[in-house]
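Written below as structure tokens is the structure these notes are about.
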Amino acid sequence: MLLKSRLGVLFAFLLPHSDTSVSVTSYLIGVGIGDVTGPIVETNMMGYADMNQTNTGLHMRQHSRAYIVADPSNPSNRIVFINSDIGMGDTGVRTQIVSQLAALYPDVYDNSNIALVGTHQHSGVAGYHNYLLPQLTSLGLVRQSYEAIVNGSVHAVVQAHNSLSLGSLSLGNTTLLGTNINRSPYAYLANPAAERALYQYDQDKDFTLLKFTDGSGVDRGFLSFFPVHGTSIYQNNTLVSTDNKGMAAYLYESFVNPTVFPGATNSFVAGFAQSNVGDTSYVTVLGAYCESPGDPWDGQPCEFAKSTCGNVTQGCRGRLGPGFRISDFESNRIIGTNQFNAAKILMESSLGPVTGAVKALHTYVEISNYTFQLPNGTTVHTCPAAMGFSFAGGTTDGPGFSDFTQGENSTSVTNPFWNLVKGAVTPSPTPYQVACQYPKPILLNTGFAHTPYEWTPGIVDIQMFQIGQLVMLIVPSEYTTMAGRRLRNAVRAKLISSGVLDNSAYVVIAGPSNVYSHYVTTREEYSVQRYEGASTLYGPYTLEAYTDIYTNLVEYLIPDSAISLSPGPTPPNQISKSISLQKGVFYDSAPHGGFGSVITDVSSKPYTAGGTVSALFNGANPRNNLRLEGTYLTVDRRVNDIWTPVRSDSHPSTTLRWNRTHTILGTSTVNISWTIESGTPAGSYRLTYYGDSKSLFGTISSFTGHSGTFMVSV
Ligand SMILES: *[C@@H]1O[C@H](CO)[C@@H](O)[C@H](O)[C@H]1NC(C)=O
Ligand SMILES: *[C@@H]1O[C@H](CO)[C@@H](O)[C@H](O)[C@H]1NC(C)=O
Ligand SMILES: *[C@@H]1O[C@H](CO)[C@@H](O)[C@H](O)[C@H]1NC(C)=O
Ligand SMILES: *[C@@H]1O[C@H](CO)[C@@H](O)[C@H](O)[C@H]1NC(C)=O
Ligand SMILES: *[C@@H]1O[C@H](CO)[C@@H](O)[C@H](O)[C@H]1NC(C)=O
Ligand SMILES: *[C@@H]1O[C@H](CO)[C@@H](O)[C@H](O)[C@H]1NC(C)=O
Ligand SMILES: *[C@@H]1O[C@H](CO)[C@@H](O)[C@H](O)[C@H]1NC(C)=O
Ligand SMILES: *[C@@H]1O[C@H](CO)[C@@H](O)[C@H](O)[C@H]1NC(C)=O
Ligand SMILES: *[C@@H]1O[C@H](CO)[C@@H](O)[C@H](O)[C@H]1NC(C)=O
Ligand SMILES: *[C@@H]1O[C@H](CO)[C@@H](O)[C@H](O)[C@H]1NC(C)=O
């Protein structure tokens, strides 16, 4: 039986080889892109867990980029990789994406072959999460935010599906320096010296790229993997944007299609996916320094082990990357450009072909008490989730959750959601939990907090995609550098020892994906209990547990394996029962002149490249209409007396800033600005504002406003 089926597989594999029209290097490939930008005002932003970071406008739209790969000889063997400009994947969002795609394409897309991977950016819209802890700062669920991600991601996959055609894939990597840095070197140094000596750097510097080329040799896009935190744009920014991964994608897509608006075409889709991002930061020029005006340690380097200034974490900040003396947006552009350049090197090189099977594996695992054997034979288990004290301290990328956690008496805590739910975090963890999580001092015992609903996941998504020799570990957490290396190495060794792949096996990590389960450190890093260790939810053996689970999945990739993977326990979908404290838009009104009329116009003096032109309009609340796949503004150029839009709200050179000028009257303003790029043709231009107002009766009407004409000279 076994021999027969082995031969069967061998034949199936060899047959296409002798067929001239199809070779084993051929795959069905498709790419797509969709707008996932939620409400750009009056909504908390995702990443820094700062309830003060409420958005006030738009810098760049957030997109989901979808990649489909299928085996042409058996198209049910396929994978869908959605790389989304969001903080992290999420159970509620993913469940809805899966159910919509499964309804649109029965028996084609299902729970196992769709991955929702976040770029881990920190300047997007919050409020889309299934679990309570990441909902705290957004005052619960923001349905518009959740729906925007679902709708835009489904749109991207539909586009990718409709573009499926025979093509080829190739794979390579290059070294990318000067872009990421370790923000927890003290914890990294807790790893054994012999292990550290195997690596030149305390961060992974390999930038990996999977190239998608169609049957006529035209590149359709790529999916790349490189770990660097999406914190280039600072915590005090309130314009919705994409951080460095989205910037890199914009730079690449506009390099290929310079005249097309961002996100408007899937003729080339550039994917910059996040990897073992846990302890990475974007490159800082000088490291972490104290910003503590008035204190003697102001301007001094932070204390090494704890990243403190005067014994508290609050002042310690990473300097703002290479452009920090200019602005965080400049720093973001530089970190984005570095990744763009790495991708360009690989896209312009001839890379090794990807050959072999396509396979998707997914299972849910109850991770709060996963019992397994360590390689030395000792049986251990994981623990119900808990956050350690250092979680409240945050990182040098931004201070943490201290507003909520440093004593319930603190007067700075005015979050009504926290006041509603804080009692559910049991103040004294059981002796079992204390021992299980040791040496983590427990701050938030979230694994035992079930009211009003689950705070953190107890069931996580475990997913693995194989495309020939490339194996993607789709992980639900932020792995630190060394944790990621250990996981990759263990899976790669298992792929080879079990005969699934030969030495060409190439393993990458993509995350945080599908559900957010915070961090994963090595056990040695965990013992140090910095922010990343304190945020490793399931105890000291979290990494060993995941390594056991992922290496066990490898046997399901053995071609003649008759075993099928159990779907595992279903996680709770809490979207419909989620608390939502964000208020809706009451109504809008505009003074004389009406909506869209100009308050402060552009200058009559000509502008030149590098200058910024802006106009202030009587506005309305952008939450009335997200204008997905559309735009709130255009820069128009007059050619032969016809106005042609040349920029949209998703170009990084344009911004929209909304301001509520009177709460009771419902008036507001919109400031549209454009920083003129070098190379912009001379001529006549204007700014156009597209808005939507809500009447007292709830009707929403769209309107348009134009600035005066202005001249750009060279
Ligand atoms: C939020 O703003 C309030 C009032 O301005 C301030 O007291 C508090 O420290 C801020 N919190 C954070 C996390 O920055
Ligand atoms: C998402 O799509 C659904 C179904 O088409 C629609 O009802 C809903 O309004 C959309 N949501 C947003 C935020 O656009
Ligand atoms: C990058 O490519 C080199 C050469 O093929 C290989 O040795 C190395 O393992 C690759 N990096 C990763 C992260 O797989
Ligand atoms: C944010 O903070 C940085 C550093 O403290 C400062 O240089 C920058 O101007 C601030 N940006 C905004 C929008 O307030
Ligand atoms: C910080 O703590 C150390 C050790 O407890 C102490 O010697 C030092 O004075 C403290 N520094 C400040 C600024 O409080
Ligand atoms: C954890 O699982 C083990 C083995 O399945 C079981 O013996 C033990 O009682 C469980 N512990 C808890 C706290 O549920
Ligand atoms: C196996 O490793 C664990 C973790 O390092 C250790 O606690 C345990 O004592 C070891 N067991 C044996 C039998 O060496
Ligand atoms: C909060 O106030 C209560 C009552 O005054 C006190 O017992 C408790 O220690 C205070 N907690 C903190 C963290 O200050
Ligand atoms: C917003 O409008 C208010 C009221 O007119 C004004 O005081 C404030 O300066 C404006 N803010 C900005 C950023 O323009
Ligand atoms: C509009 O925004 C631009 C760019 O930030 C700024 O220079 C200008 O002063 C703002 N205009 C008004 C009227 O607030």
Side-chain angles (χ1 to χ4, degrees), residues 45 48 50 52-59 122-123 231-241 284-286 288-293 298-299 309 314-321 323-332 365-373 379-386 396-399 429-437 445 447-448 458-459 538-539 541 545 548 569 597-603 607 610-619 633 635 649 652-661 668-676 687 689 707-708 710:
M45 298 175 77
Y48 292 109
D50 177 355
N52 289 0
Q53 198 189 11
T54 300
N55 55 24
T56 61
L58 183 60
H59 174 234
H122 286 51
S123 51
T231 46
S232 299
I233 298 182
Y234 215 39
Q235 184 167 357
N236 58 359
N237 162 59
T238 57
L239 298 182
V240 168
S241 193
T284 55
V285 172
L286 298 163
Y289 279 74
C290 297
E291 285 178 18
S292 320
D298 185 35
C309 294
Q314 260 59 30
C316 179
R317 299 290 165 82
R319 288 257 158 109
L320 294 172
F324 87 95
R325 290 198 191 281
I326 306 167
S327 77
D328 52 346
F329 279 74
E330 178 58 10
S331 180
N332 183 55
V365 171
E366 170 68 63
I367 194 73
S368 54
N369 180 23
Y370 181 76
T371 305
F372 65 105
Q373 273 188 355
T379 298
V380 293
H381 58 84
T382 54
C383 330
T396 52
D397 285 342
T430 60
Y432 168 87
Q433 175 74 330
V434 170
C436 190
Q437 292 276 356
N445 198 21
F448 287 85
I459 296 169
Y538 310 109
Y541 296 110
D548 187 69
S597 57
V598 175
I599 305 168
T600 309
D601 210 345
V602 298
S603 165
Y607 293 83
T612 297
V613 53
S614 66
L616 191 70
F617 297 86
N618 279 309
L633 68 91
V635 175
D649 64 9
S653 57
T654 62
T655 61
L656 179 147
R657 290 181 171 82
W658 181 80
N659 189 17
R660 166 68 72 203
T661 47
S668 61
T669 59
V670 158
N671 179 347
I672 290 174
S673 84
W674 176 40
T675 300
I676 299 159
L687 305 175
Y689 164 40
S707 75
F710 59 93

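Scope of the values below: all heavy atoms of this structure, side chains included, with no hydrogens, waters or symmetry mates. Just so you know, ligand 1 is whichever comes first in the structure, and atom 1 is the first atom listed for that ligand. The structure displayed is predicted, hence computed values, not measured ones.
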Quick one: OG1 on T654 to CG on D649, what's the gap to the nearest 0.5 Å?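 With rounding to 0.5 Å, OG1 (T654) is 6.0 Å from CG (D649).
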Do you know the tightest heavy-atom contact between [X] and [Y]?
X	Y	value
I233	Y48	O-OH, 2.6 Å
S673	T612	CB-CG2, 4.0 Å
T371	H381	OG1-CB, 3.6 Å
A386	N445	CB-OD1, 4.1 Å
Q373	T379	CG-OG1, 3.6 Å

Tell me, which protein residue and heavy-atom name are nearest [atom], and how many Å apart are they?
atom	answer
atom 5 (O) of ligand 6	T371 OG1, 4.1 Å
atom 12 (C) of ligand 10	N671 ND2, 3.4 Å
atom 7 (O) of ligand 10	S614 OG, 4.5 Å
atom 13 (C) of ligand 10	L616 CD2, 3.8 Å

Is the ring centre of H122 less than 6.0 Å from the ring centre of Y234?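 No - the distance between ring centres of H122 and Y234 does not fall below the 6.0 Å cut-off.
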Give the numbers and elements of all ligand 10 atoms closer than 4.0 Å to a heavy atom of R657.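 Answer for ligand 10: 4 (C), 5 (O).
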If we count only non-hydrogen protein atoms and require a distance under 4.0 Å, does atom 2 (O) of ligand 10 qualify as touching the protein?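 So far as the 4.0 Å threshold goes, atom 2 (O) of ligand 10 is in reach of a protein heavy atom.
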Hey, is atom 9 (O) of ligand 10 touched by any protein heavy atom at less than 4.0 Å?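 Under 4.0 Å from atom 9 (O) of ligand 10, zero protein heavy atoms found.
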Determine, considering heavy atoms only, which of N369, T379, T430 sits nearest to atom 11 (N) of ligand 6.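 Comparing heavy atoms across N369, T379, T430, the nearest one to atom 11 (N) of ligand 6 lies in N369.
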Counting both backbone and side chain atoms, is some N or O of Y234 under 3.5 Å from an N or O of ligand 4?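 Among all N and O atoms of Y234, none is under 3.5 Å from an N or O of ligand 4.
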Quick check: does T612 get an N/O under 3.5 Å from an N/O on ligand 10?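 Among all N and O atoms of T612, none is under 3.5 Å from an N or O of ligand 10.
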